[in-house]
Number of protein chains: 2
Amino acid sequence: MPRAGLDPATVVAAGAALADEAGLPGVTMGLLAQRLGVRTPSLYKHVDGMDDLVRRIAALALAEAGDAVGLAVRGRAGRDALAAAAHAFRAFVLAHPGRYAATVGQEPTGPDDPLAVGAGRLLEAFRSVLRGYDVPEADTDHALRMLRSLCHGFATLESAHGFRWSADVDESFEWLIDFTDHGLRSM
Amino acid sequence: MPRAGLDPATVVAAGAALADEAGLPGVTMGLLAQRLGVRTPSLYKHVDGMDDLVRRIAALALAEAGDAVGLAVRGRAGRDALAAAAHAFRAFVLAHPGRYAATVGQEPTGPDDPLAVGAGRLLEAFRSVLRGYDVPEADTDHALRMLRSLCHGFATLESAHGFRWSADVDESFEWLIDFTDHGLRSM
DNA sequence: TCCTTGTGGCTAATGACGTTAGCTCAAAGC
DNA sequence: GCTTTGAGCTAACGTCATTAGCCACAAGGA
């Protein structure tokens, strides 16, 4: 019985990869164990059941998305920063639909919850985009929610094949960035 | 063994109600059967398994949402129509989160699929909102996708308790309608 | 009124999945 | 080398979706 050398991080990473390939409902303890060359119950030594697993996948996804958007925004401002952030976010969701799906409906337990810090970093990246515009202090929360709704909605719908009819999706996304940029600039 | 007098419509309606109360993952054949005063396998006489059930729930949700938004928009134009449509949509999703959740990721099989006609009606309602603005013909598809992303994203995030921090959510929604109205008006 | 037939509902059984209990032996520390 | 810890295993259970096959009720024709 040679040890497989697993640890929580490995299990979560494999789970996230599986989620991206098979969809979040497709990640099953049996399949995940099989991928890791181990029997199903062994996973419970590293992860506290299914709920805990998707929670950790969600935390990983938020951290990665926060990094990606934060990096994209660095050194840019105005429309440039907005476009970079939006593209980075969309690219992440399209490349990792399962991971990202794990994040919806997760409630952090406290401010130290990895889920909360990941979400905070992502939020901070978008907030820095707004700093490149003359958005009144009282409006930033609203603007932030709009940005989030827009990015989340678009990327989610696209990754679920929600845009079926004719027009080019990339073009729509560009249009949407322009629209938002104009709106934010005229405040 | 007195007959229960079920039919597909009754089963789907009960399933939709259950989804709203218990969440989409909470709708289980056993629970649904119990609610209808029947044993689990009996449901298969009316519905072709779980997938078919949520598909029908999704079709019902889209038809209802299309009706709600279509009715709200009737006789209005411009900002009035936009606000009415957005509010009607958000209210529907918040009142029926489970039903609505059933719609994401459903692909219609053809143009006669109830799923497609429901989605079409909803789409048409939003398209009529755009007719109240001077949106160039070439831009309507993009604008439509933006409206959809915004409404879908906002309502979805809100119903998943995605807006945790301070600012008032109703206020944010008003702000978002204003933002969109201004943007659409200056085209 | 009786027989026939279609069908809605039932019981029983199967297979996938998540989860727990309890064992065992490999690896790490002394 | 000996002890101790814990990673991984087998066995088992409960829940859920689904199928097979039976049975009785309702409707229609003789």
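Chain letters run A, B, ... following the sequence lines, proteins first and then strands; every chain starts at 1. No hydrogens, no waters, no symmetry mates; every other heavy atom, side chains included, goes into these values.
- Between B/H152 and B/F89, a ring centre-to-centre spacing not shorter than 6.0 Å is recorded.
- Looking only at atom types and distance, the side chain of B/H161 has a donor-acceptor partner in the side chain of A/E107 under 3.5 Å away.
- When the C1' atom of D/dC16 is taken as reference, atom CZ of B/R39 falls 16 Å away, rounded to whole Å.
- Per the geometry, CG belonging to A/L6 stands 14 Å off P belonging to C/dA27, to the nearest Å.
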Please tabulate the protein-to-nucleotide N/O contacts below 3.5 Å involving nucleotides 17-19 of chain D, giving atom names and distances.
from, atom 1, to, atom 2, distance (Å)
D/dA17, OP1, B/T28, OG1, 3.2
D/dA17, OP1, B/M29, N, 3.3
D/dA17, OP2, B/T28, OG1, 2.6
D/dA17, OP2, B/M29, N, 2.9
D/dT18, OP2, B/Y44, OH, 2.9
D/dT18, OP2, B/M50, N, 2.7
D/dT18, O5', B/Y44, OH, 3.4

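- Annotation: A/F92 is not in aromatic contact with A/Y100 [ring centroid separation under 6.0 Å not met].
- Following rounding to the nearest Å, A/K45 (NZ) and C/dT20 (P) show an atom-to-atom distance of 12 Å.
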Walk me through whether A/E124 and A/R127 qualify under salt bridge (Lys or Arg N to Asp or Glu O under 4.0 Å).
CA-CA 5 Å; A/E124 207 43 51; A/R127 198 185 291 276; 3.7 Å; yes
Before giving the answer on side chain to side chain contact (heavy atoms under 4.5 Å, CB included), spell out for B/D178 and B/R79 the whole-Å C-alpha distance, their side-chain angles and the decisive distance to 0.1 Å.
CA-CA 8 Å; B/D178 267 333; B/R79 204 213 107 104; 2.4 Å; yes
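- Put simply, B/S42 has no side-chain N or O that comes within less than 4.0 Å of OP1 or OP2 on C/dG8.
- Atom P of nucleotide C/dT20 and atom CG of A/L43 are separated by 13 Å, given to the nearest angstrom.
- One interatomic measurement links the two molecules: CG of A/D52 to C1' of C/dT19, which rounds to 14 Å at whole-angstrom precision.
- By the side-chain contact (heavy atoms from CB on, under 4.5 Å) test, A/P111 pairs with no residue at all, sequence neighbours left out.
- Whole-Å rounding puts the A/H46 NE2 to D/dA7 C1' distance at 6 Å.
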